[in-house]
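Reckoned from all heavy atoms, side chains included, excluding hydrogens, waters and symmetry mates.
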Amino acid sequence: GIRVPEDVSLLVHGDDPRLKDCIPALTGAKTDFTVMSRDALDIIAVNLPSLPLRLYPATIAERESIVNRMDNTQ
């Protein structure tokens, strides 16, 4: 009985073209895994300081699977 996106939002990693064919069409977030992997290896090798939080930019392909917050505030 859970309705997507009225009750819950679904977000997946990556932006496979097939995500738009799902019901509802899935929203995808894509980040640069090469940079993230390189940083992880540098942290392990102690060439990069370990931080409590490290943010990486993401590209969002917004589709039907997420609630539009603007609609919910009205």
Engineer: Can you see which heavy atom on A25 is nearest to which on K20, and at what distance?
Structural biologist: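 That would be CB-O, 3.5 Å.
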
Engineer: Under a 4.0 Å threshold between the charged nitrogen and the carboxylate oxygen, would R63 count as salt-bridged to D15?
Structural biologist: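 Between R63 and D15 there is a salt bridge, with a charged N closer than 4.0 Å to a carboxylate O.
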
Engineer: To the nearest 0.5 angstrom, please state how far the CE atom of M36 sits from the CZ atom of R38.
Structural biologist: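 Atom-to-atom, M36:CE and R38:CZ are 12.5 Å apart.
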
Engineer: Out of L48, L51, I44, which residue meets the side chain to side chain contact (heavy atoms under 4.5 Å, CB included) rule with D39?
Structural biologist: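 For D39, the side chain to side chain contact (heavy atoms under 4.5 Å, CB included) check succeeds only for L48.
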
Engineer: Can you tell if the side chain of L10 reaches within under 4.5 Å of the side chain of V12, non-hydrogen atoms only?
Structural biologist: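 Side chain of L10 against side chain of V12, heavy atoms only: no contact under 4.5 Å found.
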
Engineer: Testing L19, L11, V4, D16 for side chain to side chain contact (heavy atoms under 4.5 Å, CB included) with L26, which one passes?
Structural biologist: L19

Engineer: Indicate the atoms forming the closest heavy-atom contact of S9 with V67, along with that distance.
Structural biologist: OG-N, 3.0 Å

Engineer: Should V8 and R3 count as side-chain neighbours, where that means a heavy-atom distance under 4.5 Å?
Structural biologist: no

Engineer: Taking the side chain as everything from C-beta on, heavy atoms only, tell me whether V35 gets closer than 4.5 Å to Y56.
Structural biologist: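 The answer is yes; the side chains approach within 4.5 Å.
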
Engineer: Check whether S65 reaches the backbone of T27 with its side chain - one donor and one acceptor, N or O, closer than 3.5 Å.
Structural biologist: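 A pair under 3.5 Å: yes.
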
Engineer: Look only at the side chain of E64 and the backbone of P24, and say whether a donor-acceptor pair between them is shorter than 3.5 Å.
Structural biologist: no

